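Below: the structure, in structure tokens.
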Amino acid sequence: MLDEILEYNKIFVENKSYEKYITNKFPEKKIAIVSCMDTRLTKLLPAALGLKNGDAKIIQNAGGVISHPFGSVIRSLLIAIYELDVKEILVIGHTDCGARYTDSQKMLEKMKEHGITQNNIDMVKYCGIDFDSWLGGFIDLEDTVKKSVELIHKHPLIPETVMVHGLVIDSVTGELSKVN
């Protein structure tokens, strides 16, 4: 797959296909979006929000969930706020999310099938990782979005002037609904 990507990239650069994407590092609309890594959202999410390249900082992970108050998502938001002038944050969950139904115990079994030893799993547990909360899914989509919004809202390093909103996007139609 890498060879195909590199070959495509060579032609992309030679044809100057990148020119229509040129922008700077500052988000034009001064927003950051936290959403899921789901492949259906790659183009649907920006299109449904009317965003073009350069309009927003988009942070994607499994489920669009902020799982730790000092993890990489919050770090990215802090950089977006203090270095890139973001004024508003959207947390956007989506329907039919694959991360929603993950089962940490089944994932641990799959890890073992791929050669991860019980010793490695025990070491991670010993370091304080609760696999159920770290790798487990979630039941209520809107509640999960609300929790991430609340975590941002109450974070001691995020100024009160930054507006934070929760939304759910339909992963087929792109329809947005506010989470209250």
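Nothing here was measured: the structure is a model prediction, and the numbers come from that model.
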Say you draw a straight line from [atom1] of [X] to [atom2] of [Y]; how long is it, rounded to the nearest 0.5 Å?
X: Leu49; Y: Leu90; atom1: CG; atom2: CG; value: 6.5 Å
X: Leu157; Y: Ile74; atom1: CG; atom2: CD1; value: 9.0 Å
X: Met107; Y: Asp132; atom1: CE; atom2: CG; value: 11.0 Å
X: Glu88; Y: Ile33; atom1: CD; atom2: CD1; value: 10.0 Å
X: Leu45; Y: Ile92; atom1: CG; atom2: CD1; value: 5.0 Å
X: Arg100; Y: Thr95; atom1: CZ; atom2: OG1; value: 9.0 Å

Which pairs pass side chain to side chain donor-acceptor pair (under 3.5 Å) with one or both residues in residues 5-15, sequence neighbours excluded? none

With distance as the sole test, does [X] use its side chain to make a donor-acceptor pair with the main-chain N or O of [Y] at under 3.5 Å?
X: Lys146; Y: Asn180; result: yes
X: Ser148; Y: Val145; result: no
X: Asn61; Y: Val65; result: yes
X: Thr102; Y: Gly137; result: yes

More than 12 heavy atoms of other residues, nucleotides or ligands under 6.0 Å from [atom1] of [X]: yes or no?
X: Leu6; atom1: CG; result: yes
X: Lys110; atom1: NZ; result: no
X: Tyr18; atom1: OH; result: yes
X: Glu19; atom1: CD; result: yes

Which residues pass the side chain to side chain donor-acceptor pair (under 3.5 Å) test with [X], not counting sequence neighbours?
X: Lys87; value: Asp85
X: Lys147; value: Asp143
X: Ser177; value: none

Where do [X] and [Y] come nearest, in terms of heavy atoms and distance?
X: Ala56; Y: Pro27; value: CA-CB, 3.8 Å
X: Phe26; Y: Glu83; value: CE2-O, 3.4 Å
X: Ala48; Y: Gly174; value: CB-O, 3.5 Å
X: Phe138; Y: Gly63; value: CE2-CA, 4.4 Å
X: Ser104; Y: Leu135; value: CB-CB, 4.0 Å

Could you see if [X] belongs to whatever hydrophobic cluster contains [Y]? Use Ile, Leu, Val, Met, Phe, Trp, Tyr and a side-chain cutoff under 4.5 Å.
X: Leu44; Y: Leu141; value: no
X: Ile116; Y: Tyr126; value: no
X: Trp134; Y: Met111; value: yes
X: Met37; Y: Ile59; value: no

Could you walk me through whether Thr23 and Asn53 pass the side-chain hydrogen bond (donor to acceptor under 3.5 Å, both in side chains) check? CA-CA 7 Å; Thr23 185; Asn53 197 48; 5.8 Å; no

Within-4.5 Å side-chain heavy-atom neighbours: [X] and [Y]:
X: Leu41; Y: Cys36; answer: yes
X: Ile158; Y: Leu78; answer: yes
X: Met1; Y: Ile5; answer: yes
X: Lys106; Y: Glu109; answer: no
X: Ile121; Y: Leu108; answer: yes
X: Leu84; Y: Lys57; answer: yes
X: Ile89; Y: Leu77; answer: yes
X: Ile169; Y: His94; answer: yes

Among Ile66, Val91, Val164, find the residue that satisfies the side-chain contact (heavy atoms from CB on, under 4.5 Å) test when tested with Leu151. Ile66

Does anything in residues 158-180 pair up under salt bridge (Lys or Arg N to Asp or Glu O under 4.0 Å), and if so which pairs, sequence neighbours excluded? none

Will you find, in the side chains of Ser171 and Asp96, an N or O donor that is under 3.5 Å from an N or O acceptor? no

Do Asp38 and Gln60 have side-chain atoms, one donor and one acceptor, less than 3.5 Å apart? no

Check the pair Val162, Ile152 against side chain to side chain contact (heavy atoms under 4.5 Å, CB included), reporting the backbone distance first and the verdict last. CA-CA 9 Å; Val162 173; Ile152 296 167; 5.8 Å; no

Evaluate Val34 against Val73 for side chain to side chain contact (heavy atoms under 4.5 Å, CB included), listing each step before the verdict. CA-CA 8 Å; Val34 177; Val73 174; 4.0 Å; yes

Under the ring-ring contact (aromatic ring centres under 6.0 Å, His included) rule, what pairs show up with a residue in residues 144-180, not counting sequence neighbours? Phe70-His155

